[in-house]
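Here's the structure we're looking at; comments come further down.
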Amino acid sequence: MGIMRRIFVPVGQGAFYIERFPYGVNVVYDCGSVSGRSSSFSLQGRVKQAFPSGDERIDIVFLSHLDTDHINGLEELLRGCKIGKIYLPFLDDSEKCILLLKKASEEGKRAGGDLNQDSEFIRKMTEDPRSAVRELNQEARVIFVEPKDLDTRPFLRERTEVIGGDRIQAGEEIPLCDWWRYIPFNVEHSSRKREFEHYLKEDDINSMADVLKALREGDKGTIRRARAAYKKVRGGINANSMAVFSGPYKGGNAKARIEGYFTAKKSQCIYFGRLFSAGCLYLGDFEASRKTDWEALLESLSDQNVLFPDEVGCIQIPHHGSYHNFNEVFLDESMIPVISAGYTRDHPSNKVLRDYAERGLFPFVVTQEQSTELVIECWYS
């Protein structure tokens, strides 16, 4: 019998999750935080605490998306660990431009709409992930996950195939060993990109390239008009956040239980001492509240013989517990709900917490305090 430990590292407003298998096999999902440094917390300290030796190997790193709070610890991992493969959502030039604009929009209140608040590494990761990684770690191989476009092509039930040496399709199975696998999945809505381009042209901005140039040069007038166009898009522009299922192959004998959570409340006792399915669904900032996106994810899992929620014993609630990304199916007590959130933000949503409380449940909120670290033990035979 083997044991895997799933660790939700306390990084506050961010995400850093580790799965530790026997024989030094490690898998990481996201590594970032925007919770400020304090006497008891720093992201760099948490990364070094998780991988202290300096020569540990991480076989796979999954990046849900390229927002700062999900990737700004990756630089530390690349410098201090041997990394095999890094999977992240594929972004075309338009999506890179949109992401940079989104970052500028978020920082515009304090930075005048430029990109100076992000580190050079994060800017490089947005524009050219492969080069950014190669500068710090020659061994790591970057593999892009091509999203399912829910607007322009049918969602096929056939198993997807590898597109090329550095890309796979959303829903493609990634085997870790004979008994464990990962399934990444992300979507895009190309119609929203076309709508954004339409609004740009209405404001005399001819192309995404013009927006990208304005962002690099700090052209505040063009940035302001582009942000106004960005806000007009119905439903917003999908951040292309990538969900990942982690679990055993169907038919394998694998279960999970909570090993440690030091600040447990009485309302959380329902989860202790119970056995859960060993699978976990990491959702990053996935827009699970959007019916088309959620159904596409479930269909992709079904294509790989993963039934939800039967084979998902733990679920990471997306976007730090935001109600806008929440789906009521998460309230199923057969799954351990986990939220990563900081102290000073509006996350998790009070409505999400009330929805759980009304059912006599309470999610595990992993903040930046060490005592909120959640450890789940999975064993298989």
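Positions are given from 1, in the same order as the sequence printed here.
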*Considering non-hydrogen atoms only, spot the tightest contact between G321 and I339 and give its length.*
N-CG2, 3.7 Å

*With K124 via side chain to side chain donor-acceptor pair (under 3.5 Å) - residues at least two apart*: E135

*asked:* Nearest 0.5 Å, please: how far is CZ in F330 from CD1 in I315?
replied: 4.5 Å

_Atom of G171, atom of S300 and distance for their closest heavy-atom approach_ = CA-OG, 3.2 Å

*Residues which pass side chain to side chain donor-acceptor pair (under 3.5 Å) with E333, listed by chain and number, not counting sequence neighbours*: none

*Begin with the C-alpha distance, continue with both residues' side-chain angles, and end with the deciding distance and a verdict on salt bridge (charged side-chain N to carboxylate O under 4.0 Å, His left out) for D128 and R130.*
CA-CA 6 Å; D128 187 354; R130 188 176 288 106; 5.3 Å; no

*asked:* If we ignore hydrogens and angles and just use 3.5 Å, is the side chain of N137 paired with the main-chain N or O of A140 as donor and acceptor?
replied: yes

*asked:* Quick check on the 6.0 Å ring-centre criterion: do Y87 and F62 meet it?
replied: yes

*asked:* Ignoring hydrogens and geometry beyond distance, is a side-chain donor-acceptor pair present between Y282 and R6 at under 3.5 Å?
replied: yes

Please table the atom pairs, donor to acceptor, closer than 3.5 Å between any side-chain atom in residues 74-84 and protein atoms at least two apart or in another chain.
from, atom 1, to, atom 2, distance (Å)
E75, OE2, R79, NH2, 3.0
E76, OE1, Q44, NE2, 3.1

_Please verify the inter-ring angle class for F326 with Y323; under 30° counts as parallel, over 60° as perpendicular, anything in between as tilted._
parallel

*asked:* I'd like to check I3 versus P22 (side-chain heavy atoms, cut-off strictly below 4.5 Å). Are they in contact?
replied: no

_ring-ring contact (aromatic ring centres under 6.0 Å, His included) against F8, all qualifying residues, sequence neighbours excluded_ = Y17

*State the NE2-CG distance between H324 and D285, to the nearest 0.5 angstrom.*
12.5 Å

*When you measure from the centre of the six-membered ring of Y230, is the NZ or CZ of R224 under 6.0 Å away and within 45° of the axis?*
no

*Show your working on side chain to side chain contact (heavy atoms under 4.5 Å, CB included) between R274 and I258 and close with a plain yes or no.*
CA-CA 8 Å; R274 291 176 55 190; I258 295 174; over 6 Å; no

_Within the structure provided, determine whether M4 and I376 are in side-chain contact (heavy-atom separation under 4.5 Å)._
no

_Any heavy-atom pair between the side chains of F276 and I336 that's under 4.5 Å?_
yes

*For residues K96 and L212, determine if any side-chain heavy atom of one lies less than 4.5 Å from a side-chain heavy atom of the other.*
no

*Minimum heavy-atom distance between P248 and G279, given as atom pair plus value*: CD-N, 4.2 Å

*Counting N and O atoms only, with roles assigned by atom type, does the side chain of R181 sit under 3.5 Å from a partner on the main chain of C177, one being a donor and the other an acceptor?*
no

*asked:* Using the rule side-chain contact (heavy atoms from CB on, under 4.5 Å), only one of I7, V47, D30 pairs with F16; which is it?
replied: V47

*If we ignore angles and hydrogens, is there a donor and acceptor under 3.5 Å between the side chains of Q316 and S340?*
no

_Let's go through F185 and L283 carefully: what are the C-alpha distance in whole Å and the side-chain angles of both, what is the deciding distance for side chain to side chain contact (heavy atoms under 4.5 Å, CB included) to 0.1 Å, and is it a yes or a no?_
CA-CA 9 Å; F185 184 81; L283 288 170; over 6 Å; no

*Just jot down the salt bridge (charged side-chain N to carboxylate O under 4.0 Å, His left out) partners of E197, sequence neighbours excluded, or say none.*
none

_Interatomic spacing from CG in L99 to OG1 in T126 - rounded to 0.5 Å_ = 5.0 Å

*Would you say the side-chain atoms of N325 and S289 include a donor-acceptor pair closer than 3.5 Å?*
no

*After noting the C-alpha distance and the side-chain angles of N72 and I122, does the key distance pass the side chain to side chain contact (heavy atoms under 4.5 Å, CB included) rule?*
CA-CA 7 Å; N72 63 349; I122 292 177; 3.6 Å; yes

*Results of side chain to side chain donor-acceptor pair (under 3.5 Å) for R5 - residues two or more places apart only*: E259

_Non-hydrogen side-chain atoms of V27 and I18 separated by less than 4.5 Å_ = no

*Nearest heavy-atom neighbours spanning I71 and F121*: O-CE2, 4.2 Å

*asked:* Could you tell me if N186 and H65 have a donor-acceptor pair between their side chains, going purely by distance under 3.5 Å?
replied: no

_A side-chain contact here means heavy atoms from C-beta on lying under 4.5 Å apart; do V145 and I143 qualify?_
no

_Holding to ring-ring contact (aromatic ring centres under 6.0 Å, His included), I want the full list of residues that pass it with H319, two or more places apart in sequence or in another chain._
H347

*Hey, what do you get for CG (L353) to OH (Y356), rounding to the nearest 0.5 Å?*
9.5 Å

*Which residues satisfy the salt bridge (charged side-chain N to carboxylate O under 4.0 Å, His left out) test with E377, sequence neighbours excluded?*
R257

*asked:* Looking only at the aromatic ring of each residue, does the gap between the centers of F364 and Y271 stay below 6.0 angstrom?
replied: yes

*Are any side-chain N or O atoms of S33 and backbone N or O atoms of V11, one a donor and one an acceptor, separated by less than 3.5 Å?*
yes

*Look at the side chain of N327 and the backbone N and O of V329, then say whether any donor-acceptor pair between them is shorter than 3.5 Å.*
yes

_For a quick test of reading the model, state the closest non-hydrogen atom pair linking A226 to F196 and the distance between them._
O-CE1, 3.7 Å

_Would S35 and F41 count as a side chain to side chain contact (heavy atoms under 4.5 Å, CB included) here? Give the steps._
CA-CA 9 Å; S35 288; F41 169 76; 4.0 Å; yes

*asked:* How about CG on D310, more than 12 heavy atoms from neighbouring residues, nucleotides or ligands closer than 6.0 Å, or not?
replied: yes

*Would you please name every residue forming a salt bridge (charged side-chain N to carboxylate O under 4.0 Å, His left out) with R134, sequence neighbours left out?*
none

*asked:* F144: which residues meet the ring-ring contact (aromatic ring centres under 6.0 Å, His included) condition with it, sequence neighbours left out?
replied: F90

*Answer whether the closest heavy-atom distance between the side chains of I183 and I174 falls below 4.5 Å.*
no

_Under the rule for side chain to side chain donor-acceptor pair (under 3.5 Å), what residues qualify as partners of N305, not counting sequence neighbours?_
none

*Does a salt bridge link R141 with D166, judged by any charged N lying under 4.0 Å from a carboxylate O?*
no

*Are any of the side-chain heavy atoms of E172 and E146 separated by less than 4.5 Å?*
no

*Measure from the side-chain N and O atoms of N26 to the backbone N and O of D59, and report whether any donor-acceptor pair falls under 3.5 Å.*
no

*CG of L91 to CD of E188: how many Å apart, nearest 0.5 Å?*
9.5 Å

*Can you find a side-chain donor-acceptor pair between Y182 and E19 that sits under 3.5 Å?*
yes

*For F21, enumerate each residue passing the ring-ring contact (aromatic ring centres under 6.0 Å, His included) test, keeping only those at least two apart in sequence or located in another chain.*
W179, W180

*asked:* If I compare all heavy atoms of C378 with all of A256, which pair ends up nearest, and what's the gap?
replied: SG-CB, 3.7 Å

_Between K201 and D203, does any side-chain N to carboxylate O distance fall below 4.0 Å?_
no

